[in-house]
Amino acid sequence: MSIVILLVIAIIVLFGVRNIRMQFITRPVFSFFKKVLPPLSTTEKEAMEAGDVWWEGELFRGKPNWNTLHSYGKPTLSADEQDFLDNQVNTALTMIDDFDIVHNRKDLPPELWQYFKEQGFFALIIPKKYGGREFSAYANSTIVAKIATRSVSAAVTVMVPNSLGPGELLTHYGTQEQKERWLPSLAVGKDIPCFALTGPEAGSDAGAIPDIGVVCLREFEGEETLGLSLTWNKRYITLAPVATVLGLAFQMRDPDGLLGDVKNIGITCALIPTDHKGVEIGRRHNPLMMAFMNGTTSGEDVFIPLDWIIGGPQFAGKGWRMLVECLSAGRGISLPALATASGHVCTKTTTAYSYVRQQFGMPIGLFEGVQEAMARIIANTYQLEAARRLTTQGIDLKVKPSVVTAIAKYHMTELGRDVLEDAMDIQSGKGIQLGPKNYLGHAYMATPISITVEGANILTRSLMIFGQGATRCHPYVLAEMEAAAMEDETSALDRFDSLLLGHIGYAMGNALRSFGSALTGSRFASAPVSGPTQQYYRDMTRISSSLAIMTDLSMLIMGGDLKRKEMISARMGDVLSQLYLASATLKLFEDNGRQQDDLPAVHYVMTERLHLAAKALNDAIRNFPSKIAAVLLRVLIFPLGNHFNAPSDKYAVDLVKGMLKPGPARDRITFLCGEFDGDTSGIAEVESAFLAKYAAKDLYKKLKKAQRSGHIKSKLPMLELFDLALEKDIITEAEHKQLVEADVLRLAAINVNDFEEL
């Protein structure tokens with residue numbers, strides 16, 4: 001007992017007496033920290049400082065405040081936004097024939113281009129005072145998604161001017177003169193923008209841009225002007241073939257010191273009319289046969305005045321930060337909108353198709369093998385819609401959540417790919433035969449585009465999500481890095497000492513919370529709600545604590561090598577991502593008013609999210625480079641083993657059963673499918689068949705009962721079956737007519753297009 005008392009006193013003295021703590025703890029730890037501190041390049045430092053920490057910060061710190069999540073409110077559309085969707089968007093949908101666009105025209109029809117320009121589809125983010133719509137991110141996302149349910153090519157054409165590009169960059173950073181010059185003409189479609197960032201040598205690593213702008217003096221419009229000699233070679237630029245104004249990112253250099261002592265000024269963005277002397281717009285690319293405009297641009301020794309830099313000369317060298325902040329907004333709106341549209345279409349059509357398509361005398365949606373895949377489609381669509389809403393909500397709160405938007409871009413585009421693959425498997429022949437009736441094929445073909453653009457998914461997962469999140473979201477690490485970089489060592493030590501004490505307490509709290517929750521099944525963790533979702537909040541707090549303690553140990557042991565351990569950091573990023581997606585799911589359930597018919601989807605999604613988060617933790621521990629640390633982590637995180645299992649078969653069956661009928665739950669995750677009067681699309685065709693057959697469900701039961709009792713032969717063709725049932729007075733004339741009409745719709749829905757020649 002006396003030994004324990006002495007040990008406690010020693011610890012109190014060691015940590016409580018400042019001089020002793022500084023000598024034996026702070027100084028050695030400070031020296032070690034500086035040694036293992038991951039070196040940051042200039043671009044990494046700028047990326048780290050760009051954007052804002054939002055809800056992901058709560059998830060990363062081990063004890064999320066769930067009331068903060070609920071306080072964000074429910075995303076809604078303004079009256080103007082809803083009117084635009086009900087009128088202009090629905091009108092645009094009537095003008096879209098995607099088969100004709102992709103296979104015949106290789107472009108949007110002129111009347112659709114003109115309608116997009118006249119009605120402000122290219123001005124969704126431009127302020128009203130410049131003639132724009134000034135819509136919310138949520139409205140922007142909803143508009144793009146609704147168009148994408150009918151045509152990826154049309155949706156991409158609309159989304160690019162409203163994503164990363166001149167409009168957004170000018171709105172946030174342009175000089176007043178630049179805004180007044182360009183924004184009104186962009187708003188009415190008089191000017192079409194593109195933004196040239198990527199090229200043969202710079203894709204996901206946009207910081208490696210080889211294109212150069214050299215400061216020089218030249219004659220411009222009759223006067224000697226200080227400006228830039230630009231040389232560039234860009235590829236994969238959407239809208240480049242039709243653009244009238246080119247946003248250009250390049251490395252700015254001042255070898256002759258015309259602006260000062262700095263020779264390499266850094267990445268800079270400028271705005272250049274495409275008819276400016278020397279600007280070359282090259283030939284088109286063919287992005288997986290999609291018809292949106294995409295191509296090349298180049299220039300050699302093209303002179304522009306410094307005033308053409310976006311934001312003016314004072315923004316020279318600040319392009320990387322501008323791009324990171326604007327990219328994060330685009331990554332959270334545009335590509336997730338395309339993925340969510342795929343989910344809505346796949347859920348609406350696959351539930352309908354599997355109800356009207358029969359094999360072995362029963363709808364294919366009743367086969368458990370089909371239900372397994374269909375449950376994934378429905379659950380992933382619920383997840384996509386939830387993440388779309390939460391992410392755009394963050395952007396509409398005027399934060400620039402760079403980590404959240406990286407999560408959204410990576411995971412939502414991957415989920416979009418998953419739902420399309422499952423839908424193609426179920427609808428099979430209907431999905432693979434292209435034609436006007438096909439509503440899956442073009443989206444399936446286009447999916448890899450979303451996977452690769454605005455940062456390839458592999459690098460987004462392995463480098464960006466955890467790489468930025470671990471430092472930006474951690475309550476102490478970034479401040480400790482800043483302290484370590486201070487030139488005055490005395491001030492640095494003082495600052496580091498205060499941070500270190502807090503960091504130790506933070507780590508101890510997370511370790512105890514993780515271990516205690518594992519032993520008790522998180523029963524004592526707090527939750528903001530009671531009822532069927534309460535345990536999910538508790539389990540997420542446990543996983544959040546586990547991620548926090550694992551992050552601290554990873555940084556302590558691996559230091560600067562952590563960013564090169566991409567498999568480990570990717571798995572830890574997966575944990576953060578699954579927590580974010582799960583948060584979005586729970587929030588959507590609350591925003592929808594805790595609807596009971598949403599619960600099957602919520603149970604399936606939440607079970608899957610927790611399973612994947614725990615699996616990522618377990619895999620990271622299993623591959624941890626320090627075996628001693630791995631043992632400690634396993635004791636703290638999974639002392640009784642990992643019991644977070646994948647969704648059960650019962651969850652899958654219950655989820656599908658509730659969606660094989662019309663109802664509010666199905667409507668809530670298929671509403672983007674752009675229904676309008678007179679719709680003759682393949683989506684409308686299969687939905688009409690579904691509704692007609694469901695309306696006659698009692699008649700089909702009556703026929704089945706007659707077959708089982710022997711009154712009517714089994715395995716008869718449908719029309720022969722109906723006629724025989726009428727003849728034997730099993731059904732009435734009106735019922736016979738209803739069945740025949742439903743069957744006509746059924747056959748139209750399951751049939752595919754054929755052609756004389758291709």
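- For Val53 against Cys473, the heavy-atom pair with the smallest separation is CG1-SG, 4.2 Å.
- In terms of the side chain to side chain donor-acceptor pair (under 3.5 Å) criterion, Ser544 has no residue partners (sequence neighbours excluded).
- The minimum heavy-atom distance between Tyr72 and Gln393, with the atom names listed, is O-NE2, 2.8 Å.
- Applying the 6.0 Å contact sphere to CD of Glu368 captures no more than 12 heavy atoms from other residues, nucleotides or ligands.
- Between Asp539 atom CG and Leu579 atom CG the span is 11.0 Å, to the nearest 0.5 Å.
- The closest donor-acceptor contact from the side chain of Gln383 to the backbone of Leu581 lies under 3.5 Å.
- Residue pairs meeting the side-chain hydrogen bond (donor to acceptor under 3.5 Å, both in side chains) criterion with at least one member in residues 630-646, sequence neighbours excluded, are Asn618-Arg634.
- Neither side chain, Thr585 nor Arg609, offers a donor N or O lying under 3.5 Å from an acceptor on the other.
- The closest donor-acceptor contact from the side chain of Thr405 to the backbone of Gly332 lies at 3.5 Å or more, if one exists at all.
- A pairwise comparison of heavy atoms in Asn510 and Gly62 identifies OD1-CA, 3.3 Å as the closest pair.
- Counting only distance, with no hydrogens or angles, the side chain of Ser514 and the backbone of Leu636 share a donor-acceptor pair below 3.5 Å.
- Separating the CG atom in Asn592 from the NZ atom in Lys587 is a distance of 10.0 Å, to the nearest 0.5 Å.
- Side chains of Trp66 and Ser526: no donor on one and acceptor on the other come within 3.5 Å.
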Problem - Verdict with reasoning, Glu414 to Arg417, per side chain to side chain contact (heavy atoms under 4.5 Å, CB included) - result: CA-CA 5 Å; Glu414 293 292 345; Arg417 172 157 58 182; 2.8 Å; yes
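- Of the possible polar contacts, none joining the Thr347 side chain to the His344 backbone as a donor-acceptor pair under 3.5 Å is found.
- Here the CG atom belonging to Asp552 is positioned 3.5 Å from the NE2 atom belonging to His503, to the nearest 0.5 angstrom.
- Every residue two or more places apart in sequence or in another chain was checked for a side chain to side chain donor-acceptor pair (under 3.5 Å) with Asn140, and none qualifies.
- Taking each heavy atom of Ala620 and Met572 in turn, the nearest pair found is CB-CG, 4.4 Å.
- In terms of modelled atom types and a separation under 3.5 Å, the side chain of Ser569 and the main chain of Glu566 share a donor-acceptor contact.
- For the 3.5 Å distance criterion, the side chains of Ser141 and Arg388 qualify, holding a donor opposite an acceptor.
- At least one donor-acceptor pair closer than 3.5 Å links the side chain of Glu58 to the backbone N or O of Asn65.
- Rounded to the nearest 0.5 angstrom, Cys346 SG and Asn380 CG are separated by 10.0 Å.
- Annotation for Asp649: atom CG does not count as buried by contact number, only 12 or fewer foreign heavy atoms lying within 6.0 Å.
- Side-chain atoms of Asn457 and Lys409 include a donor-acceptor pair closer than 3.5 Å.
- Under the 4.5 Å side-chain criterion, counting only non-hydrogen atoms from C-beta, Asp654 is not in contact with Tyr604.
- Residues Asp574 and Asp619 have side chains not in contact (no heavy-atom distance under 4.5 Å, counting atoms from C-beta outward).
- We find the CD1-CG distance between Ile378 and Leu655 to be 4.5 Å, quoted to the nearest 0.5 Å.
- With 3.5 Å as the limit, one finds a donor-acceptor pair spanning the side chains of Thr391 and Tyr580.
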Practice task
Might you work through the ring pair (Phe, Tyr, Trp, His ring centres under 6.0 Å) test for Phe60 and His474, ending with a clear yes or no?
Solution key: CA-CA 7 Å; Phe60 214 99; His474 198 289; 7.1 Å; no
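- When atom types are taken as modelled, the side chain of Ser626 and the backbone of Ala629 share a donor-acceptor pair closer than 3.5 angstrom.
- Within 6.0 Å of CD1 on Ile628 lie no more than 12 heavy atoms contributed by other residues, nucleotides or ligands.
- In Lys650, the NZ atom is not crowded: 12 or fewer heavy atoms of neighbouring residues, nucleotides or ligands sit closer than 6.0 Å.
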Exercise for the section: Please assess Phe624 against Ser554 for the test side chain to side chain contact (heavy atoms under 4.5 Å, CB included), listing each intermediate value before the final yes or no. Expected result: CA-CA 8 Å; Phe624 209 76; Ser554 298; 3.3 Å; yes
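- Once rounded to the nearest 0.5 Å, the distance linking OG of Ser462 with CD1 of Ile568 reads 12.5 Å.
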Practice task
Would you please test Leu617 and Leu633 for side chain to side chain contact (heavy atoms under 4.5 Å, CB included) and show each step?
Solution key: CA-CA 10 Å; Leu617 279 171; Leu633 285 167; over 6 Å; no
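- For the pair Arg389 (side chain) and Leu588 (backbone), a donor-acceptor distance under 3.5 Å is absent.
- For the residue pair Ser517 and Arg542, no side-chain donor N or O sits within less than 3.5 Å of a side-chain acceptor on the partner.
- The shortest distance between side-chain heavy atoms of Trp54 and Leu390 falls below 4.5 Å.
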Handout entry: Intermediate values then yes/no, ring pair (Phe, Tyr, Trp, His ring centres under 6.0 Å), His611 and Tyr651
Key = CA-CA 14 Å; His611 163 67; Tyr651 276 175; over 10 Å; no
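- Within a 6.0 Å sphere centred on CD1 of Ile458, other residues, nucleotides and ligands contribute 12 heavy atoms or fewer.
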